[in-house]
**Q** 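Quick one: the structure is below, and I'll ask about it shortly.
Side chains are part of it too, since the values below use all heavy atoms of this structure and drop only hydrogens, waters and symmetry mates.
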Amino acid sequence: MTDVALTPDTLDVEFRKRTEAPAPDFPGVHTLGVVEYGPRPAGPSLTHRGVELTVPMAAAEADGFAEVWTTTRPVRTGYHRGIHYAYDGEHLFCAGRLPAARSYARQTEEAYTALLELAGELGYHSLFRMWNFIGRINEDNAERLEIYRDFCLGRATAFEKSRYPLRRLSAATGIGALGEGISFCALSAKSGSCTPLENPRQIAAYHYPPRYGPKSPSFARATHVRHTAAATGTGTAEDAPPPLDTPTHDRLYVSGTASIVGHASVHAGRIEEQVRTTLDNIAGVIGDANAAAHGLAHGYRLTDLYRAKVYVRHAGHLDAVRRLCAEAFAPEAEIAYLNVDICRSDLLVEIEGIAR
């Protein structure tokens, strides 16, 4: 009988300090991708660590960290129309970067079209997580359209032209970055079961009214994924789908979440109230009642979030945000804090995470 590696899980992520030397992979564990949060952009590039992307999100080197995605399957890499990618037979990690431009809709459409095209050609049809790091996110482009709305226009157009169903849109984060340009990365699955979730406290983002831009943001509030475990030391990226009795593990990927009820921002200028509303929104989307409404066997609690990133607009609010998050999350949860702008100018904080 073949031993099955359940620890570490077939796909996992950890935070490491950027000042540390890269930790070696354990036997049977391979690096799929690395996103470094530093002061300057770099990449994406293909290395022995799969895809590496550095996004400008930390004011100083000492404030940065690396987000390392690992898998128990062998990894292969490639390049397709501006997209650097790594894949393991079950998961596909993609990354790209758009240089500074007068407007971004066309570039974004082309990049997301290439990403969706690649995922389809390789057979990774279940997009389950997207991240978009957007420089000058609240400023206007050359056509006097806010850059976040400019980005949303291009992304939505790519999904529409690719005939990607709204009900299959995945969890996502669209967040501010230092400097200019847009960096992005995404994860897709091949045979894992993916269930997008909406939040009963909020209107689906892709149904926002026109006041938020020419195209609504294209994402779900969370995605539940049943990952398939890999047999230790066997297989290649081209393996056939795993047998039906292959062990699985569940993860719930929570989108970047803010102080929005319905479609409106609430508690303008009040950081503690915005944090509490954000946490209430996360609790609502991951809880038992909402999980059952989406056909899942069980939900999660805030204390089930084991990795989280917290984006805070004003450095002076960091202490209050840390205190409230420490009260809400489990003591052992890994939480990274970043001082960047949020997708709406009246929002002060945004939180994303992974529950298990």
Side-chain angles (χ1 to χ4, degrees), residues 33 35 41 43-44 51 53 55 78-87 91-137 140-143 145-177 180-190 194 196 198 204-210 212-223 253 255-256 343 352:
V35 181
V51 178
L53 174 69
V55 295
Y79 177 83
H80 173 77
R81 292 180 54 201
I83 305 296
H84 294 71
Y85 65 92
Y87 60 113
H91 312 100
L92 172 68
F93 181 91
C94 301
R97 176 165 171 78
L98 308 181
R102 292 173 57 82
S103 64
Y104 291 97
R106 182 185 57 81
Q107 285 191 73
T108 303
E109 178 188 344
E110 291 175 353
Y112 263 86
T113 298
L115 188 156
L116 294 171
E117 177 183 85
L118 171 67
E121 289 179 356
L122 294 179
Y124 295 83
H125 297 287
S126 298
L127 183 64
F128 65 88
R129 193 60 171 91
M130 303 177 285
W131 291 267
N132 305 280
F133 310 100
I134 304 169
R136 300 173 52 225
I137 190 169
D140 286 351
N141 67 9
E143 299 163 359
L145 178 67
E146 185 189 56
I147 288 176
Y148 179 63
R149 299 181 182 194
D150 183 16
F151 162 80
C152 287
L153 172 60
R155 178 177 56 176
T157 303
F159 280 117
E160 288 175 4
K161 289 185 177 179
S162 300
R163 298 184 178 180
Y164 201 94
L166 292 177
R167 58 183 172 78
R168 286 182 52 209
L169 289 172
S170 77
T173 296
I175 196 68
E180 300 192 54
I182 298 174
S183 302
F184 63 92
C185 56
L187 282 161
S188 293
K190 178 172 281 189
C194 299
E198 292 304 326
Y206 48 81
H207 287 322
Y208 279 174
Y212 298 105
K215 291 286 186 182
S216 298
S218 304
F219 69 94
R221 301 298 180 182
T223 306
Y253 297 86
S255 294
C343 64
E352 64 172 74

**Q** Got a donor-acceptor contact below 3.5 angstrom from the Ser188 side chain to the Leu92 backbone?
**A**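 The answer is no, because no donor-acceptor pair under 3.5 Å joins these two groups.
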
**Q** In Å, rounded to the nearest 0.5 Å, how long is the span from CD of Glu198 to CG of Leu169?
**A**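 Going from CD on Glu198 over to CG on Leu169, the span is 8.5 Å.
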
**Q** Would you say the side chain of Phe184 lies within less than 4.5 Å of the side chain of Leu98, judging by non-hydrogen atoms?
**A**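 A side-chain contact exists here, since the closest heavy-atom pair is under 4.5 Å.
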
**Q** Quick test of your reading: applying salt bridge (Lys or Arg N to Asp or Glu O under 4.0 Å), list the pairs with at least one residue in residues 93-107, sequence neighbours left out, ordered by first then second residue.
**A**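 Non-adjacent pairs meeting salt bridge (Lys or Arg N to Asp or Glu O under 4.0 Å): Arg106-Glu110.
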
**Q** Would you sort out whether Leu118 and Cys94 count as a side chain to side chain contact (heavy atoms under 4.5 Å, CB included), showing the intermediate values?
**A** CA-CA 9 Å; Leu118 171 67; Cys94 301; 3.8 Å; yes

**Q** Report the residues that fulfil side-chain hydrogen bond (donor to acceptor under 3.5 Å, both in side chains) with Tyr164, sequence neighbours left out, ordered by chain and then residue number.
**A**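 Once residues adjacent in sequence are excluded, Tyr164 has no partner under the side-chain hydrogen bond (donor to acceptor under 3.5 Å, both in side chains) criterion.
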
**Q** Rounded to the nearest 0.5 Å, how far apart are CG of Leu127 and CG of Leu115?
**A**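 So the CG of Leu127 and the CG of Leu115 are separated by 6.5 Å.
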
**Q** How about Tyr85 and Phe93: are their ring centroids closer than 6.0 Å?
**A**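 No - the distance between ring centres of Tyr85 and Phe93 does not fall below the 6.0 Å cut-off.
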
**Q** Please test Leu166 against His207 for side chain to side chain contact (heavy atoms under 4.5 Å, CB included), starting from the C-alpha separation and ending with a verdict.
**A** CA-CA 10 Å; Leu166 292 177; His207 287 322; 4.2 Å; yes

**Q** Testing Phe219, Phe128, Trp131 for ring pair (Phe, Tyr, Trp, His ring centres under 6.0 Å) with Tyr253, which one passes?
**A**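 So the option named by the test is Phe128.
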
**Q** Do Cys185 and Met130 have side-chain heavy atoms sitting under 4.5 Å apart?
**A**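 Cys185 vs Met130: side chains apart.
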
**Q** Minimum heavy-atom separation for Thr223 to Cys194, with atom names?
**A**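 Of all heavy-atom pairs spanning Thr223 and Cys194, the closest is CG2-CB, 4.2 Å.
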
**Q** Within the structure provided, determine whether Pro214 and Leu145 are in side-chain contact (heavy-atom separation under 4.5 Å).
**A**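 Sidechains of Leu145 and Pro214: in contact.
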
**Q** Check Val55 against Ser183 and note the closest heavy-atom contact, atom names and distance.
**A**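 Residues Val55 and Ser183, closest heavy atoms: CG1-CB, 3.6 Å.
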
**Q** According to side-chain hydrogen bond (donor to acceptor under 3.5 Å, both in side chains), who are the partners of Thr173, at least two apart in sequence or on a separate chain?
**A**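 Once residues adjacent in sequence are excluded, the partners of Thr173 under the side-chain hydrogen bond (donor to acceptor under 3.5 Å, both in side chains) criterion are Arg129, Glu352.
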
**Q** What pairs with Tyr112 under side-chain hydrogen bond (donor to acceptor under 3.5 Å, both in side chains), at least two apart in sequence or on another chain?
**A**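 So Tyr112 forms a side-chain hydrogen bond (donor to acceptor under 3.5 Å, both in side chains) with Asn132.
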
**Q** Nearest heavy-atom pair of Gly96 and Leu53: which atoms, and what distance?
**A**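 In terms of heavy atoms, the two residues are closest at O-CD1, 4.4 Å.
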
**Q** Checking the side chain of Arg155 only, and the main-chain atoms of Phe159 only, is there a donor and an acceptor separated by less than 3.5 Å?
**A**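 No, Arg155 side chain to Phe159 backbone: no donor-acceptor pair under 3.5 Å.
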
**Q** State, yes or no, whether a side-chain contact exists between Arg81 and Glu117 at a heavy-atom distance under 4.5 Å.
**A**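 Answer yes - side chains close enough.
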
**Q** Give me the atom names and distance for the closest heavy-atom approach of Ser162 to Leu116.
**A**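 The answer is OG-CD1, 3.6 Å.
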
**Q** Show, in sequence, the C-alpha distance, side-chain angles and deciding distance for Ile147 and Asn141, and conclude whether the side chain to side chain contact (heavy atoms under 4.5 Å, CB included) test is met.
**A** CA-CA 6 Å; Ile147 288 176; Asn141 67 9; 4.2 Å; yes

**Q** Checking His125 now: which residues fulfil side-chain hydrogen bond (donor to acceptor under 3.5 Å, both in side chains) with it, not counting sequence neighbours?
**A**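 Result, side-chain hydrogen bond (donor to acceptor under 3.5 Å, both in side chains) vs His125: none returned.
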
**Q** Hey, does Ile175 have a side-chain heavy atom less than 4.5 Å from the side chain of Ile134?
**A**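 Ile134 vs Ile175: side chains apart.
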
**Q** Is there side-chain contact between Tyr206 and Ser218, with at least one heavy-atom pair below 4.5 Å?
**A**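 No, side chains not in contact.
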
**Q** With a 4.5 Å heavy-atom cut-off, do Pro217 and Cys152 have their side chains touching?
**A**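 Pro217 vs Cys152: side chains touch.
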
**Q** At their closest point, which heavy atom of Ile83 faces which heavy atom of Ala114, and how far apart are they?
**A**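 In this case the closest contact between Ile83 and Ala114 is CG1-CB, 4.0 Å.
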
**Q** Which residue pairs satisfy the salt bridge (Lys or Arg N to Asp or Glu O under 4.0 Å) criterion with at least one member in residues 157-170, sequence neighbours excluded?
**A**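 Sorted pair list: Glu109-Lys161, Glu160-Lys215.
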
**Q** Between Phe133 and Ile182, is any pair of side-chain heavy atoms under 4.5 Å apart?
**A**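 Answer no - side chains too far apart.
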
**Q** Using 0.5 Å steps for rounding, measure from the OH atom of Tyr79 to the NE2 atom of His84.
**A**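 One gets 5.5 Å once the value is rounded to the nearest 0.5 Å.
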
**Q** For the atom pair CG (Leu153) and CD (Glu146), what is the distance rounded to the nearest 0.5 Å?
**A**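 One finds 12.5 Å between CG of Leu153 and CD of Glu146.
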
**Q** Taking Ser255 for its side chain and Arg221 for its backbone only, find out whether a donor-acceptor pair lies under 3.5 Å.
**A**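 Between the backbone of Arg221 and the side chain of Ser255 there is a qualifying donor-acceptor contact (under 3.5 Å).
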
